[in-house]
Protein chains: 2
Amino acid sequence: MGSAADKPFHHGNLRAVLLDRAHEVIRSGGVDALSLRELARDAGVSHAAPRRHFRDRHALVNALAERGFELMTRRMSDAATAHPDHRDRFRALAEVFVDFAATEPALLDLMFTKTVDPPPSLTEAVRRFYEVSRRVVLDGHEAGVRPLADPERTQMLLIATLQGIATLVGTGRITSEEAGVLIDDTTTLFVGPADDR
Amino acid sequence: MGSAADKPFHHGNLRAVLLDRAHEVIRSGGVDALSLRELARDAGVSHAAPRRHFRDRHALVNALAERGFELMTRRMSDAATAHPDHRDRFRALAEVFVDFAATEPALLDLMFTKTVDPPPSLTEAVRRFYEVSRRVVLDGHEAGVRPLADPERTQMLLIATLQGIATLVGTGRITSEEAGVLIDDTTTLFVGPADDR
DNA sequence: ACCTGAACACCGTTCAAGT
DNA sequence: ACCTGAACACCGTTCAAGT
């Protein structure tokens, strides 16, 4: 009696409620399972209420993509600060990407699909996301790890490679174990052969 | 008078008609623009007629993905046979991938998204697609081009990298020109530095 | 501001029936 | 075999109206 779920009104946090629920829905049923009307029903509001917070379906999808980039950026930052050694740091970054693909395949898919009317906040989130790997690659370059002459290009190629591996995992074409092997190889190519002391 | 479009019946080629039209639709409007009912209207048949050829929407999408893989496999094979030199061949292969992303972004997206109930024919098309790059990498390995010890792993990483670059192009995050630069870098990493004679 | 309720124009999917 | 036409249960989106 009197639980939060009974309250028919959301005092400005309806947006967060809808977004949380949308995240759950795509996690268990993919993007196709997403329905604005169902989200509204789950939140206990009329089907027209979400329109105050998301102009249309694209806006909701963009908001989810933004959340995805923020999530991954945070995990990558944490991984980067946790490992002082460049090689370890590089590997940790790659592992975050692949783990994300394995646990959030639908969200990853959203993040790397053509966006319709992306809001500035999404563009900013994407920029911050790129910035983490950029920092790591530039630091490596400073320390003499230079697989290519231009570190900016190295970083772009690295992002492409990691996204490619992640997609193979997310679509189920390779297993997480096989992805681990590919991360080893990526590290070999971008950082150099491991010391087998 | 008496043009093919007037005929209300398709003698077994309705499937091909629907698929061609579906390809056009996603090329100009993305996957979201795809509607079975609209496809049926365009073909001049009832909205229930497509069901004979595609059990549901997923079946149509899978058929499109299959067509995409066949298209790309053919272009890659042509590119591979056109260039005897390994480096040229490698580059041509990468260029096919990126060109495909630029001209068929929606189709590429379908091909690298989690499939629902993929038919054996799609699985086979994917296998044949991988086989082309596998052949090229194995030939290179034979000839002494060995960026990694295991050519099978080299091939998988190459596919991931090319798909990653293609996705960046398809989503509009980099231009085709920037992709060309990344192909240069990919070639450097996988084949070695170019002779600057 | 924020939400409701009715309305509009679509969907995918199913199924008995036609030829 | 292949297709039709009606029916069902949904959608996204819009908009006047309520508090």
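Per chain, numbering begins at 1; letters A, B, ... match sequence-line order.
- Electrostatic pairing of Glu124(B) and Arg128(B) counts as a salt bridge here, judged by a charged N lying under 4.0 Å from a carboxylate O.
- Looking at residues two or more places apart in sequence or on another chain, you find a salt bridge (Lys or Arg N to Asp or Glu O under 4.0 Å) between Arg134(A) and Glu131(A), Glu152(A).
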Report, one line per pair, each donor and acceptor closer than 3.5 Å where one atom sits in a side chain of residues 32-40 of chain A; sequence neighbours left out.
| from | atom 1 | to | atom 2 | distance (Å) |
| --- | --- | --- | --- | --- |
| Ser35(A) | OG | Arg37(A) | N | 3.3 |
| Ser35(A) | OG | Glu38(A) | N | 3.1 |

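- For His53(A) and dC3(C), the shortest distance from a side-chain N or O to OP1 or OP2 is below 4.0 Å.
- Environment of CZ in Arg55(B): sparse, with no more than 12 heavy atoms of neighbouring residues, nucleotides or ligands closer than 6.0 Å.
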| task | Evaluate the criterion ring pair (Phe, Tyr, Trp, His ring centres under 6.0 Å) for residue pair Phe69(B) and Phe112(B); output intermediate values, then yes/no. | result | CA-CA 10 Å; Phe69(B) 278 111; Phe112(B) 292 96; 5.8 Å; yes
| query | With the sugar-phosphate defined as primed atoms, P, OP1 and OP2, and the base as all remaining atoms, what B/S/- string results for nucleotides 11-19 of chain D, 5' to 3', for protein heavy atoms under 4.0 Å? | reply | SBBBB----
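- Gln163(B) and Thr167(B) share a side-chain donor-acceptor pair at under 3.5 Å.
- The salt bridge (Lys or Arg N to Asp or Glu O under 4.0 Å) test applied to Asp20(B) returns Arg67(B), not counting sequence neighbours.
- Residue pairs meeting the salt bridge (charged side-chain N to carboxylate O under 4.0 Å, His left out) criterion with at least one member in residues 80-104 of chain B, sequence neighbours excluded: Arg27(B)-Glu104(B), Arg89(B)-Asp139(B), Arg91(B)-Glu95(B), Arg91(B)-Asp184(B).
- In DNA chain D, consecutive stretches of 3 or more Watson-Crick or G-U wobble pairs with both distances under 3.5 Å are given as paired ranges: C:4-8 with D:12-16, C:12-16 with D:4-8.
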